[in-house]
There are 2 protein chains.
Amino acid sequence: MKALSKPTIYEVARRAGVSIATVSRALRDSHLVTAETRRRVQEAAEALSFTPSRSARSLAEGRHAANGIVFPHLVGPYYAEVLLGYEEAAAELGRSVLILGTEGRPDATAQVLDLASRVDGMVVMGRTVPDDVVVELAATGLPIVLLARDPVDGLDTIRSENRATARELTAHLLGHGHRRLAFLGDPDASPDVADRYAWFSEALGRRRPAPVRCAFDVEAGQRAATALLQRRNPPEALVCANDEIALGAHLAAAKAGRDVPGDIAITGWDDVMAARFVGLTTVRQPMRELGATAARWLHDRMSSTDPARTPARRRVIPTRLVIRRSCGPDPCEGRQVDP
Amino acid sequence: MKALSKPTIYEVARRAGVSIATVSRALRDSHLVTAETRRRVQEAAEALSFTPSRSARSLAEGRHAANGIVFPHLVGPYYAEVLLGYEEAAAELGRSVLILGTEGRPDATAQVLDLASRVDGMVVMGRTVPDDVVVELAATGLPIVLLARDPVDGLDTIRSENRATARELTAHLLGHGHRRLAFLGDPDASPDVADRYAWFSEALGRRRPAPVRCAFDVEAGQRAATALLQRRNPPEALVCANDEIALGAHLAAAKAGRDVPGDIAITGWDDVMAARFVGLTTVRQPMRELGATAARWLHDRMSSTDPARTPARRRVIPTRLVIRRSCGPDPCEGRQVDP
DNA sequence: TTGAAAGCGTTACCAC
DNA sequence: GTGGTAACGCTTTCAA
């Protein structure tokens, strides 16, 4: 009724007729207590519905038992999926998860610093904070894992494979006879996109078109594609940096009366749910796995006796080209991959 | 180089030639310090790159400056969007966000209790933990906001409107001449779905079909729909509890050679991105807004002098029926709502 | 305006 | 095994 102020370990101790040291031990069953004593303590704790103060505990132990993750934004399925994989794996390892989105936050660095003071380690994704912030944090001794982001000396990095699939994708389009290819999306917006564009244009050889920069949502993709389609000599294929842009391009094509893939081929990246229903050729990324791996690596570093001395790991998670009907009239390589 | 153990307020104090009390004050610019003193302190703090220990601070202040949110799972766009709205609003209010997914966690209650010890307030969504856990927590004095979940005495609740749109949706289908309607999804899985089914069957009048229970993903929807379509007398319309099920139903119809909406009408709920591209009639929920509102209400409660004495608030956030082509040959009411 | 010192609620070391 | 008691690093009276 009036139990508004939480009971402390002292109340429990008094009620059980032991010292606070014993209560502490009994409750975290270090086996240094009699079964009988433990029973009494547990009973008392139960009766008072005692819960140890997390901050006192953290202060005394010098750790938080929590992980952080920093991502640009949560819009679109990509980051949500990564986050899901991360949270699941982290929880399994007994760690709480703090999240921080930096999109549109002028004080991103300050927020990341604050986050750092609340966790025992964190994952930093793509375009969120500059490298020097990461480096400074790492110098503190805070375990950090980089995700979908350019490597930094001494830090673990997990990325998804972009080169092979970008080449494969480009080759596939060229194989369909498409010659004028355009790339939609902003390579400066994320390291992944920079990669995709780089390998795409490398695969294209001499004629490297400048990227058609646009934001990563359906509307932006639609606008960009609309503009392209109005040119005198429109591209024959739109290679979009993510599925949302590609979906926007589909909309633009439909509105312009162009057939996909008859008049124009379109490809995306990520394989979000909608891609399957639109028949969009895209690249499947194991987003859950990215997140889960990050959580496990972080855990490894945090439990390692001397984190700084463990050599940095790098992992490139393989992706897969998913051919559907949007890329060409005749899916010659690979089959429809609807299921 | 060797700054592995973080500097404390004592180091800063010594370096600045003041007491720790002054450092504390200067750093949180309580105006009780000379400009000159503050400068010296800030300089020292900067030089040592001092960051106050979060746990010590929390212990001393008796608060965490953090919010929690408990959701079932993150798969599918629904919860991710809610989370996004929540995180954005919370960050704006200067609070960190801890997340906890309970899906498939046998010890959900224990985890929620742990979460509770790390935050100053939390949002509890749908089917995560039983009411008595919530009640017990609330009795502690912990501010709680319920989201997409049945109300509990004395607690703020935010839900999205289901009745009006369920009726409207059902009426619309009936208006198209459909008579045998089936409901796909499990009303026991979430309070929202329970509502949707209840109002759907109420709108149907005497002939209330039992729900066709299935999980909330594409595959489950496809299986369930496939089974229905194989009946001698298959339904004329499938009212699906969410868009993923409806998308699965689309797949099933296609595979069975049935035309949508010619042979069978299909509707969903949530208006996920794919819905728009499939032309799925559905109900749009303001998921971001749900999350943002929850964050703000929680903040209100936490900053209120006497949280317990403020009367509980209830809000039902309006939703909107989005008519597309999957529900009937002739969208008579409303127009295509593609944009 | 500043400093000394008393908490905040644990954990963990050191005696007994 | 158990109890006393230093930490842990900060905030916040209370005096000066």
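Below, chain A is the first sequence line, B the second, and so on; all start at residue 1.
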Worksheet item: Could A/E43 and A/R40 be called an ion pair, given the rule that one side-chain N must be under 4.0 Å from one carboxylate O?
Response: no
Practice prompt. Apply ring pair (Phe, Tyr, Trp, His ring centres under 6.0 Å) to B/Y79 and list each qualifying residue two or more places apart in sequence or on a separate chain.
Written response: B/H73
Item to complete: Before accepting this row, confirm whether a basic side-chain N of the pair A/R159/A/D150 lies closer than 4.0 Å to the acidic partner's carboxylate O.
Response: yes
Worksheet entry | Options C/dA12, C/dT1, D/dT2, nucleotide nearest the side-chain atoms of B/L32 | C/dT1
Worksheet item: Can you list, by residue number, the residues of residues 56-64 of chain A that have a non-hydrogen atom closer than 4.0 angstrom to DNA chain D?
Response: A/L59, A/A60
Show every donor-acceptor pair shorter than 3.5 Å between a side-chain atom in residues 9-16 of chain B and any protein atom, with sequence neighbours excluded, or say none if there are none.
residue	atom	partner	partner atom	Å
B/E11	OE1	B/T8	N	3.0
B/E11	OE2	B/T8	OG1	3.3

Worksheet item: Which whole-number value in Å describes the distance from A/R54 CZ to D/dC8 P?
Response: 18 Å
Worksheet item: What nucleotide among C/dG9, D/dT2, C/dT2 has an atom nearest to a side-chain atom of A/T34?
Response: D/dT2
Worksheet item: Do A/D131 and A/R149 meet the salt-bridge criterion of a basic N to acidic O distance under 4.0 Å?
Response: yes
Worksheet item: Is there a side-chain polar atom (N or O) of A/T8 under 4.0 Å from OP1 or OP2 of C/dC8?
Response: no
Item to complete: Using whole Å, report how far CG of B/L27 lies from P of D/dC10.
Response: 10 Å
Item to complete: Tell me which residues in residues 42-51 of chain A put a heavy atom below 4.0 Å from DNA chain C, sorted by number, or none.
Response: A/F50, A/T51
Practice prompt. Mark yes when over 12 heavy atoms from residues, nucleotides or ligands other than B/E36 sit less than 6.0 Å from its CD; otherwise mark no.
Written response: yes
Practice prompt. May I ask you to check whether A/S19 and A/T22 show a side-chain donor-acceptor distance below 3.5 Å?
Written response: yes
Discussion item. Between B/Y10 and A/R28, which residue's closest nucleotide on DNA chain C lies nearer the 5′ terminus?
Written reply: B/Y10
Discussion item. Are more than 12 heavy atoms, taken from residues, nucleotides or ligands other than A/E61, located less than 6.0 Å from that residue's CD atom?
Written reply: yes
Worksheet entry | Interface residues of residues 11-24 of chain B with DNA chain D (non-hydrogen, below 4.0 angstrom) | B/I20, B/A21, B/S24
Worksheet item: How about A/T34 and A/R38: does a side-chain donor come under 3.5 Å of a side-chain acceptor?
Response: no
Worksheet item: Quick one: do A/D156 and A/R314 make a salt bridge, cutoff under 4.0 Å?
Response: no
Practice prompt. Return yes if a side-chain donor-acceptor contact under 3.5 Å exists between B/R118 and A/S96, otherwise no.
Written response: yes
Produce the list of close N/O pairs, under 3.5 Å, pairing protein atoms with atoms of nucleotides 14-16 of chain D; give distances to one decimal.
none

Worksheet item: Is B/D132 atom CG crowded by more than 12 heavy atoms from other residues, nucleotides or ligands, each under 6.0 Å away?
Response: yes
Worksheet item: Could you give the CD1-to-C1' distance, from A/I9 to C/dG9, as a whole number of Å?
Response: 8 Å
Practice prompt. Mind calculating the distance between CZ (B/R38) and P (C/dT2) to the nearest angstrom?
Written response: 10 Å
Item to complete: Using a strict 4.0 Å threshold on nitrogen-to-oxygen distance, state whether B/R95 and B/E88 make a salt bridge.
Response: no
